[in-house]
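Data block below; observations after.
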2 protein chains.
Amino acid sequence: MVDERKREQVFTEDGQHLDEETLFVVSQIFKALSDPTRIRILNLLCTGEHSVNAIAETLNLSQSSVSHQLRFLKNLRLVKYRREGRTLYYSEDDDHVMNLLKQAIEHALHH
Amino acid sequence: MVDERKREQVFTEDGQHLDEETLFVVSQIFKALSDPTRIRILNLLCTGEHSVNAIAETLNLSQSSVSHQLRFLKNLRLVKYRREGRTLYYSEDDDHVMNLLKQAIEHALHH
DNA sequence: TATATATATGAGCATGTGTTCATGTATTGA
DNA sequence: TCAATACATGAACACATGCTCATATATATA
């Protein structure tokens with residue numbers, strides 16, 4: 001039997017109270033990682049920067065779809081880009097989130 | 001400038017080729033963590049097992065909503081339950097995924 | 001057996017999401 | 001300036017998602 005008294009909203013190591021903003025940020029991070037296309041793009045960017053067309057060709061996706069997803073990832077500051085002429089080279093921009101992705105991939109592969 | 005030759009599908013530490021199933025599993029894990037209600041439920045279960053009604057009352061959610069989400073989490077084997085009379089006590093069932101959640105929460109809090 | 005309690009489930013609905021298609025914008029080179 | 005290249009953007013559509021409401025199921029107790 002468990003103690004069912006309402007927990008006080010103290011901050012403990014786990015099960016701490018989550019304010020609205022934290023809840024939103026956490027859900028956004030995971031939402032970004034919850035789509036197969038975005039996972040493939042981020043996984044590819046693990047190997048270094050790539051142009052939009054390179055991503056589309058390598059992953060066999062439409063240029064438009066890749067561009068839309070890159071905008072999504074850019075808004076969350078998970079990727080960044082650098083311009084060289086007409087070409088934009090995208091690369092990762094959040095070590096911590098990339099780490100979460102790598103952990104989940106490792107977990108899924110070794111099961 | 002980056003080497004744009006198509007990557008061979010060798011397995012390297014990062015950026016490895018992701019087969020369909022792995023991709024699906026990874027996306028499902030993150031999808032489970034991408035909803036505020038499920039995050040709150042899992043975060044509460046960090047503190048120990050809770051009945052369905054206790055979860056609903058503590059988090060101020062409807063019984064139906066909690067029950068639906070618990071079914072979702074149970075299908076992914078992220079939670080389990082034990083029966084005691086009419087009451088079902090739910091608890092976490094995947095240390096690794098709970099760890100991903102805790103990391104993301106810590107990351108979001110200290111920013 | 002009848003009633004109450006705890007939870008599960010299905011339908012329906014509003015909203016969110018990811019894609020394609022068409023087109024717009026920016027940069028380069030002739 | 002004109003055409004070509006690389007990428008971005010908006011609309012529209014199909015589909016997924018999470019909630020509520022009503023109801024079903026399972027267990028305990030009188």
Side-chain angles (χ1 to χ4, degrees), chain A residues 1-2 4 20 23-45 49-91, chain B residues 1-2 4 20 23-45 49-91:
Chain A
M1 195 78 78
V2 91
E4 305 245 292
E20 278 287 335
L23 204 55
F24 180 74
V25 170
V26 172
S27 68
Q28 284 301 106
I29 289 174
F30 287 126
K31 198 163 302 232
L33 300 174
S34 73
D35 176 66
T37 299
R38 287 192 290 273
I39 293 173
R40 295 176 73 209
I41 291 174
L42 290 173
N43 186 60
L44 179 57
L45 294 184
E49 61 178 16
H50 291 264
S51 71
V52 177
N53 276 336
I55 296 170
E57 285 163 27
T58 303
L59 302 182
N60 201 30
L61 299 166
S62 76
Q63 178 266 318
S64 180
S65 182
V66 172
S67 192
H68 278 299
Q69 298 294 8
L70 286 172
R71 178 170 57 171
F72 182 106
L73 295 171
K74 179 114 190 8
N75 286 339
L76 286 178
R77 303 190 188 283
L78 301 190
V79 302
K80 61 181 193 274
Y81 66 81
R82 128 188 116 76
R83 177 182 286 278
E84 192 168 309
R86 285 172 289 213
T87 304
L88 302 187
Y89 291 98
Y90 279 83
S91 56
Chain B
M1 195 78 76
V2 92
E4 305 246 294
E20 277 287 335
L23 203 55
F24 181 73
V25 170
V26 172
S27 68
Q28 285 301 105
I29 289 174
F30 287 126
K31 197 162 305 231
L33 301 174
S34 73
D35 176 66
T37 299
R38 286 192 291 272
I39 293 174
R40 296 176 72 209
I41 291 173
L42 290 174
N43 185 60
L44 178 59
L45 294 184
E49 62 178 15
H50 291 265
S51 72
V52 178
N53 276 336
I55 296 170
E57 284 163 26
T58 303
L59 303 181
N60 200 29
L61 298 166
S62 76
Q63 178 267 319
S64 179
S65 181
V66 171
S67 191
H68 278 298
Q69 297 296 7
L70 285 172
R71 178 170 58 171
F72 182 106
L73 295 172
K74 179 114 192 6
N75 286 339
L76 287 178
R77 303 189 189 283
L78 300 190
V79 302
K80 60 180 192 276
Y81 67 82
R82 128 188 116 76
R83 177 183 286 278
E84 191 168 311
R86 285 173 289 214
T87 304
L88 302 186
Y89 291 98
Y90 279 83
S91 56

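Hydrogens, waters and symmetry mates are skipped; everything else that's a heavy atom, side chains included, is used.
In this model, the phosphate group of dT19(C) is approached by a side-chain N or O of T37(A) to a distance below 4.0 Å at OP1 or OP2. The side chain of R38(B) contributes an N or O atom lying less than 4.0 Å from OP1 or OP2 of dG18(D). Taking 4.0 angstrom as the limit, R71(A) places a side-chain polar atom (N or O) nearer than this to OP1 or OP2 of dG10(D). The phosphate of dT20(C) (OP1 or OP2) has a side-chain N or O of S62(A) nearer than 4.0 angstrom. Between Q63(B) and dT5(C), a side-chain N or O to OP1/OP2 separation shorter than 4.0 Å is absent. Close to dC19(D), at under 4.0 Å from its OP1 or OP2, lies a side-chain N or O of Q69(B). Taking only side-chain nitrogens and oxygens, Y81(B) never comes nearer than 4.0 Å to OP1 or OP2 of dA8(C).
Each of K31(A) and S64(A) was matched to the nucleotide of DNA chain D holding its nearest heavy atom; the match closer to the 5' end belongs to S64(A). Residue L88(A) is the one, among L88(A) and L61(B), whose nearest nucleotide of DNA chain D lies closer to the 5' end (criterion: closest heavy atom).
Rounding to whole angstrom units, CD1 of residue I39(B) and C1' of dG18(D) are separated by 14 Å. Across the protein-nucleic acid pair, N75(B) atom CG and dT17(D) atom P stand 13 Å apart, rounded to whole Å. Taking atom CD1 of residue I41(B) and atom C1' of nucleotide dT7(C), one finds them 14 Å apart after rounding to whole Å. The interatomic distance linking F30(B) (CZ) with dA16(D) (P) rounds to 22 Å, in whole Å. Per the geometry, CZ belonging to R86(B) stands 17 Å off C1' belonging to dA24(D), to the nearest Å. For the pair N60(A) CG and dT19(C) P, the computed distance is 13 Å after rounding to whole Å. The interatomic distance linking L59(A) (CG) with dG18(C) (P) rounds to 16 Å, in whole Å. Y89(B) places its OH atom 13 Å from the P atom of dA8(C), with the value rounded to the nearest Å.
Set against dC19(D), dA11(D), dT7(C), the side chain of N53(B) has dT7(C) as its closest nucleotide. If you check dA8(D), dA26(C), dT7(C) against the side chain of Y90(A), the one that comes closest is dA8(D). Of the candidates dT20(C), dT28(C), dT7(C), dT20(C) carries the atom nearest the S65(A) side chain, counting heavy atoms from C-beta on. Listed nucleotides: dC21(C), dC7(D), dT9(C). Nearest to the side chain of S67(A): dC7(D).
Looking at heavy atoms from C-beta onward, R71(B) lies out of side-chain contact with K74(B) at the 4.5 angstrom threshold. Within the 4.5 Å cutoff, the side chain of L76(A) has no heavy atoms near those of the I29(A) side chain. Looking at heavy atoms from C-beta onward, N53(A) lies in side-chain contact with Q63(A) at the 4.5 angstrom threshold.
Ring-base stacking between H68(B) and dT9(C) is satisfied, the centre separation being under 5.5 Å and the plane angle under 30°.
Judged by the 6.0 Å and 45° rule, R83(A) forms no cation-pi pair with Y89(A).
The OG atom of S67(B) sits 12.0 Å away from the CG atom of L61(B) when rounded to the nearest 0.5 Å.
With a cut-off of 3.5 Å on both pairing distances, the Watson-Crick or G-U wobble partner of dA30(D) is dT1(C).
Minimum interatomic distance between I41(B) and Q69(B) (heavy atoms only, all atoms of both residues): CD1-CB, 3.9 Å.
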